[in-house]
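Below is one structure; the comments refer to it alone.
FYI, side chains are in, hydrogens and waters are out, and symmetry mates aren't considered; it's all heavy atoms of this structure. Everything quoted here is computed from the prediction, not taken from an experiment.
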Amino acid sequence: MLLQPPAFAGDLEGVRVGQVLAIASKPDLTLAIALAEEAGAARVWYGLGRRLPGPLRLFVIRGNSRLEPILHEVVPSWGAGFALPGSRTIVVRADAGDPWRILRHELAHLALHDAVRTRVPLWFDEGYAAVAAGEWDRLEELSLNLTVARGEIPGFFELDRALRSNASSARAGYALAASAVALLARRHPDRSLAPLLDRLASGEGFDAAVLATTGSPLGRFELEWQRDVRRRYGLVVWLMAGGFWAVMALVVVFAAWYRRRRDRPRRKALDEGWIVEPAAEEEARLDEAGPAP
């Protein structure tokens with residue numbers, strides 16, 4: 001997630017680890033130092049090759065309430081990490097999931113912005129970070145998304161809005177954005193995203209780079225991507241991925257409710273005037289009758 005530059009919060013401590021300044025409260029400082037060591041290492045990024053991150057600040061915090069004093073703006077409660085390329089700052093919430101995974105995602109944002117020299121749409125920015133960080137489980141989630149299974153795939157404009165919406169919409173939005181970036185790579189003859197990123201790194205506009213590497217204008221690629229998602233994650237895939245059992249569970253629950261409702265008048269009639277013999281009297285009557293022949 002990308003935001004504006006933060007200010008330094010007064011109760012946080014900073015420790016420099018190489019070119020990374022780790023900033024956290026005392027209980028989280030050890031974690032922040034370990035994350036800073038990871039953040040400062042060179043790594044190979046998808047389509048970009050091996051890159052050093054360079055100097056950056058790494059905040060490690062807990063609680064959504066701690067974000068606004070640092071970032072100076074309202075952020076979604078579900079936000080787990082934030083990248084600010086202009087100030088070379090990353091914020092990781094240690095209480096919002098795996099901090100190492102969050103860090104990889106935000107580092108991917110910085111790597112992309114360090115490499116490209118032109119503006120890219122939000123869906124591409126977030127989709128690249130998800131793919132480059134190896135978050136392939138996001139694509140698996142699409143197979144269980146009923147909205148996607150029904151074929152209701154947003155356009156790129158609506159996808160950008162979903163990425164800043166509620167947690168459920170954003171989770172699906174990140175997965176859809178990752179699928180769009182993956183398709184951009186598959187559409188090139190080399191099945192690689194590197195040619196597109198090379199053009200963006202040279203300063204070529206995003207729309208022109210998409211046309212040159214996929215053969216489709218961005219508007220047509222959008223339609224092709226929507227068709228691809230429907231084909232890959234349609235209703236049949238949803239049923240095979242677990243939707244069938246969800247439907248069966250609902251059928252069982254409905255059948256039990258319907259039967260109880262249907263039998264309610266009969267149960268009420270049976271309950272009226274129903275007399276149950278006390279257990280002691282019943283035993284005495286059985287003793288008098290003697291054993292069965």
Test: Asp114 and Arg88 ion pair at under 4.0 Å = yes

Taking 4.0 angstrom as the limit, do Arg101 and Asp137 come out as a salt bridge?
-> yes

Heavy-atom distance under 4.5 Å between the side chains of Tyr128 and Val116, does that happen here?
-> no

May I have the step-by-step check of side-chain hydrogen bond (donor to acceptor under 3.5 Å, both in side chains) for Arg187 and Ser216, ending in yes or no?
-> CA-CA 9 Å; Arg187 283 294 309 276; Ser216 297; 3.2 Å; yes

Going through the distances and angles, do Asp125 and His109 end up as a side chain to side chain contact (heavy atoms under 4.5 Å, CB included)?
-> CA-CA 7 Å; Asp125 204 335; His109 280 305; 2.7 Å; yes

Leu31 backbone acceptor or donor facing Asp28 side chain under 3.5 Å | no

Does Ala83 offer a backbone N or O that forms a donor-acceptor pair with the side chain of Glu106 under 3.5 Å?
-> yes

Enumerate the residue pairs fulfilling ring pair (Phe, Tyr, Trp, His ring centres under 6.0 Å) with a member in residues 190-219, sequence neighbours excluded, ordered by first and then second residue.
-> Trp123-Phe206, Phe124-Phe206

Show your working on side chain to side chain contact (heavy atoms under 4.5 Å, CB included) between Val92 and Phe82 and close with a plain yes or no.
-> CA-CA 7 Å; Val92 173; Phe82 306 86; over 6 Å; no

Measure the OG-CG distance between Ser165 and Asp160 for me, rounded to the nearest 0.5 Å.
-> 12.5 Å

Using side chain to side chain contact (heavy atoms under 4.5 Å, CB included) as the criterion, list what pairs up with Arg171, not counting sequence neighbours.
-> Glu141, Ser168

In chain order, what residues pass the side chain to side chain contact (heavy atoms under 4.5 Å, CB included) check against Thr30, with sequence neighbours excluded?
-> none

